[in-house]
Amino acid sequence: MTGAPASATGGPGAKPVRGGKLGTAAVNQASLWNIANILTMVRLLLVPGFVLLLFHNGGYDPVWRSFAWAAFAIAMITDLFDGHLARAYNLVTDFGKIADPIADKAIMGAALVSLSVLGDLPWWITGVILARELGITLMRFWVIRHAVIPASRGGKLKTLAQGTAAGMYVLVLTGPLATLRFWMMMVAVVLTVVTGLDYVRQAVVLRRRSLAAERAAVGRTAEALNEAAGSPGAGSPGSGVSVDEGVAGGSGVGGADGASGAGGVSGGGGAGASGSSVRVAGGPAPVEPAVRARDGAEAER
């Protein structure tokens with residue numbers, strides 16, 4: 001029991017806020033079984049179903065390829081809605097952050113590879129698109145410590161062009177429609193390359209800015225430490241520390257045989273003075289109070 005109302009803990013009384021800013025609490029409160037994650041799971045399950053439908057009866061049956069196109073279209077449509085619903089209704093979860101991009105690349109990769117295996121799509125197109133997607137994914141992990149690269153309008157157009165072109169290749173088209181799908185795929189390839197290069201540029205710029213900011217922060221921290229080390233009273237041996245009267249004063253110090261100084265112990269003001277050290281004849285050198293004060297100041301820093 002936390003004592004918090006149900007609306008604050010994601011319970012039955014929680015009311016999602018459209019367009020609200022997401023925080024750590026909102027991410028933690030979102031249930032795994034929400035509509036956005038369910039759509040992502042459906043898209044993942046559609047990947048093997050799409051492949052089976054596409055390759056049924058040798059992979060060239062127009063009816064089964066139409067069924068495969070329907071599965072592919074449903075998967076692409078769910079991709080349009082799950083992310084929007086998660087952001088709009090504070091349904092973002094760690095599972096969704098990981099599973100959503102995996103599902104996107106899984107359905108597109110399965111379509112491209114399957115079409116190339118069937119001989120409908122040149123392998124170089126499949127290679128260019130998959131290399132770009134894999135490279136951008138790895139690059140995001142490379143810069144994620146410094147910044148997050150937001151999705152651009154070009155990236156969204158690229159996804160739309162890829163989905164439209166791949167869907168047209170799944171269908172058995174002839175004549176002008178076959179020519180149209182070829183040029184649609186060329187548009188998708190161009191957008192794939194251009195947006196990929198733009199992501200690389202953004203990643204390099206963001207990483208440089210982040211490293212520069214980190215170096216500046218380290219410099220400011222070093223300056224603050226130097227100023228603190230040089231401030232009055234930090235390790236200064238002069239204040240509050242008395243001189244070793246037993247050594248410097250000379251009065252009350254016993255002779256060699258210890259007969260005239262109360263057993264060789266510094267007497268008079270040497271033993272009673274505030275902050276003065278006591279020294280036994282023939283014993284080890286005393287630890288200076290100034291050294292102790294300095295060590296204490298350094299330990300505090």
Side-chain angles (χ1 to χ4, degrees), residues 32-86 91 93 95-137 151 155-192 195:
L32 176 65
W33 296 99
N34 59 65
I35 184 62
N37 286 346
I38 290 175
L39 290 177
T40 301
M41 296 176 192
V42 169
R43 190 159 72 257
L44 285 169
L45 294 175
L46 283 173
V47 174
F50 161 77
V51 174
L52 291 175
L53 292 171
L54 183 62
F55 282 95
H56 195 75
N57 283 349
Y60 299 101
D61 190 325
V63 176
W64 285 102
R65 291 189 68 148
S66 297
F67 292 152
W69 176 86
F72 181 79
I74 293 173
M76 297 304 294
I77 291 173
T78 60
D79 182 33
L80 297 176
F81 287 101
D82 58 356
H84 173 73
L85 291 173
L91 301 177
T93 62
F95 171 81
K97 293 177 184 179
I98 298 173
D100 182 68
I102 291 176
D104 298 344
K105 292 169 177 57
I107 188 64
M108 184 57 65
L112 296 174
V113 172
S114 298
L115 291 170
S116 294
V117 169
L118 292 173
D120 294 335
L121 187 67
W123 275 105
W124 72 267
I125 294 179
T126 299
V128 168
I129 294 177
L130 293 184
R132 184 268 189 195
E133 299 298 335
L134 179 60
I136 295 302
T137 300
K156 296 177 181 179
L157 289 176
K158 178 268 304 179
T159 302
L160 179 61
Q162 285 182 358
T164 302
M168 294 179 71
Y169 269 89
V170 170
L171 292 172
V172 179
L173 301 178
T174 58
L177 290 178
T179 303
L180 177 62
R181 73 181 182 184
F182 170 78
W183 288 111
M184 179 61 68
M185 183 60 75
M186 291 299 101
V187 171
V189 170
V190 171
L191 289 174
T192 298
T195 55

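Since the structure is predicted, the reported quantities are computational estimates derived from the model, not experimental observations. Computed from heavy atoms alone, side chains included, the values below leave out hydrogens, waters and symmetry copies.
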Legend entry - Spatial distance of atom CG (Leu39) from atom CG (Leu44) [nearest 0.5 Å]: 11.5 Å
Inset, instruction - Give a yes or no on whether the backbone of Ala75 and the side-chain of Thr78 come within a donor-acceptor separation of less than 3.5 Å. - result: yes
Inset, instruction - Check salt bridge (charged side-chain N to carboxylate O under 4.0 Å, His left out) between Arg43 and all other residues, then give those that pass, not counting sequence neighbours. - result: Asp79, Asp82, Asp100, Asp104
Inset, instruction - Might you point out which heavy atoms bring Leu177 and Met168 nearest each other, and give the distance in Å? - result: O-CE, 3.9 Å
Legend entry - Between Thr93 and Asn37, a side-chain donor and acceptor under 3.5 Å: yes
Inset, instruction - Find the distance between CZ (Phe55) and CG (Asp61) and round it off to the nearest 0.5 Å. - result: 14.0 Å
Legend entry - Close aromatic pair by centroid cut-off 6.0 Å: Trp69 and Phe72: no
Legend entry - Stepwise side-chain contact (heavy atoms from CB on, under 4.5 Å) test for Trp123 and Val128: CA-CA 9 Å; Trp123 275 105; Val128 168; over 6 Å; no
Inset, instruction - Using a 4.5 Å cut-off on heavy atoms from C-beta on, say whether the side chain of Trp124 contacts that of Val189. - result: yes
Legend entry - Validation row: Leu118, Leu54 side chains within 4.5 angstrom (heavy atoms): yes
Legend entry - Nearest atoms (heavy-atom pairs only) where Ala36 meets Ala86: CB-CB, 3.8 Å
Inset, instruction - Find the distance between CG (Leu134) and CG (Leu130) and round it off to the nearest 0.5 Å. - result: 8.5 Å
Legend entry - Over all atoms of both residues, closest heavy-atom pair of Ser116 and Pro122: OG-O, 3.8 Å
Legend entry - Exam field: side chain Asp120 to backbone Leu115, donor-acceptor pair closer than 3.5 Å: no
Inset, instruction - Hey, could you give me the CG/CD1 distance between Leu46 and Ile74, rounded to the nearest 0.5 Å? - result: 6.5 Å
Inset, instruction - For residues Val51 and Ser114, report the shortest heavy-atom separation together with the two atoms involved. - result: CG2-OG, 4.2 Å
Inset, instruction - Scan for side chain to side chain donor-acceptor pair (under 3.5 Å) pairs involving residues 168-192, sequence neighbours excluded, and state none if there are none. - result: Gln162-Thr192
Legend entry - Gap separating the CG atom of Leu160 from the NZ atom of Lys156, nearest 0.5 angstrom: 12.0 Å
Legend entry - Expected output: side-chain Arg65 to main-chain Leu171 donor-acceptor under 3.5 Å: no
Inset, instruction - Calculate, to the nearest 0.5 Å, the distance between atoms CG and CZ belonging to Leu121 and Phe182 respectively. - result: 10.0 Å
Inset, instruction - Please indicate whether Phe81 has more than 12 foreign heavy atoms, meaning atoms of other residues, nucleotides or ligands, lying under 6.0 Å from its CZ. - result: no
Legend entry - Matching residue for Lys158 among Ile129, Thr195, Val190 - test: side-chain contact (heavy atoms from CB on, under 4.5 Å): Thr195
